Amino acid sequence: MTTCQIARAEETAVTITIARPAAEHDAARTPLSTLLREGTRPEHEAAESMGFVEQLMAGRLDRAAYTDLAAQQHAIYTALEAASAQIRTDPVGTSLVFDELTRVPSIEADLEFLVGPDWATEIRTLPATERYAARIAETGTSVSLYVAHAYTRYLGDLSGGQIIQRMLERHYGFGAEGVSFYHFAEIPKVKPFKDTYRERLDALDLDDDARAQAVTEARAAFEHNRAMFAELGAVHVR
Ligand code: HEM
């Protein structure tokens, strides 16, 4: 069992209810944060066991592989944070936008360190990443679509991302520079922040169809990550 599976197995099993008759609404509804976590569990485990992810975590790749991942993250977060700026103007969606989560400046600092001052013209975006970013770009006007992508990335970065940072430091000799993407300087304690984020997810005023759409889109978000890791693996895993 992987680190992640152990941590996640500690969570209590729940009965998932996506669609319910209107009369049964509210108090008995499964929280959206639970629907998202349980609804993407198989996809999460699949993403973790991708060759690229496993080999990177085990220290069997090189800095070029990590740099390539950072380049993909630049495209993903540029799209996600443009969508965040849009969703901030939505009366429901605005509660999900936290400035302290903003990642693009950190990724750019990492790329400058890893590639040099011309990083913007030297990096390339893989086809799977282009498709992922294009989908995210469509979500800034839909809370149920946006929430799926924001959840998948930000809660992931605040969870497994913290383990990934330690592995990158250990195996590839990074210090403070190069992996700042994983360090949320404005979130000193990750656990209470994640709790707040989940509370915000659960407080969203979404009907059952919108909640079901969010879970479906979160699965698609994981699939985009899987496809991106497959392309990274084709380049970097021997
Ligand atoms: C080696 C790779 C990975 C490891 C070791 C890992 C590890 C973890 C761990 C330990 C948790 C549970 C944290 C907690 O309960 O507070 C977690 C949660 C999460 N991970 Fe991963 N993860 C990995 C890859 C990914 C990927 C590729 C994604 C998606 C892009 C992702 C998205 C998430 C999300 C959204 C959560 C939050 C689940 C929830 O509580 O709702 N993870 N991860």
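Counting starts at 1 for both ligands and their atoms, in listed order. Just so it is clear, the model here is predicted, and its values are computed rather than measured. We count residues from 1, following the sequence as given. The analysis underlying the following values was restricted to heavy atoms, covering all of them including side chains, and did not include hydrogens, waters or symmetry mates.
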Please could you name the atoms of ligand 1 that [X] approaches to less than 4.0 Å, counting only its heavy atoms?
| X | value |
| --- | --- |
| Arg198 | 39 (C), 40 (O) |
| Phe229 | 27 (C) |
| Thr152 | 29 (C), 30 (C), 32 (C), 35 (C) |
| Lys194 | 13 (C), 14 (C), 16 (O) |
| Gly160 | 4 (C), 6 (C), 7 (C), 8 (C), 9 (C), 17 (C), 22 (N), 43 (N) |
| Val53 | 1 (C), 2 (C) |
| Ile163 | 10 (C) |

Give the single entry among [options] that approaches [atom] most closely by any heavy atom.
| atom | options | value |
| --- | --- | --- |
| atom 24 (C) of ligand 1 | His44, Glu45, Arg226, Arg41 | His44 |
| atom 32 (C) of ligand 1 | Ala46, Ala150, Gly156 | Gly156 |
| atom 29 (C) of ligand 1 | Phe222, Tyr132, Tyr154 | Phe222 |

Pick one of side chain, backbone, both or neither for how [X] approaches ligand 1, counting any non-hydrogen atom pair under 4.0 Å.
| X | value |
| --- | --- |
| Asn225 | side chain |
| Tyr151 | both |
| Glu54 | neither |
| Lys191 | neither |

Could you tell me whether a side-chain N or O of [X] sits under 3.5 Å from a main-chain N or O of [Y], the two making a donor and an acceptor?
| X | Y | result |
| --- | --- | --- |
| Asp202 | Pro31 | no |
| Tyr132 | Pro127 | no |
| Glu231 | Ala128 | yes |
| Glu217 | Ser144 | no |
| Ser180 | Ser106 | yes |

Report, as yes or no, whether the 6.0 Å neighbourhood of atom CZ on Arg170 holds more than 12 heavy atoms from other residues, nucleotides or ligands. no

Determine whether the side chains of Gln213 and Asp209 contain a donor N or O and an acceptor N or O closer than 3.5 Å.
no

Practice item. Using distance alone, with no hydrogens and no angle criterion, decide if Tyr182 and Asp157 have a side-chain donor and acceptor under 3.5 Å apart. Key: no

Regarding Arg88 and Asp99, does a basic nitrogen lie under 4.0 Å from an acidic carboxylate oxygen?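 Judged by the 4.0 Å cut-off on N to carboxylate O distance, Arg88 and Asp99 do form a salt bridge.
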
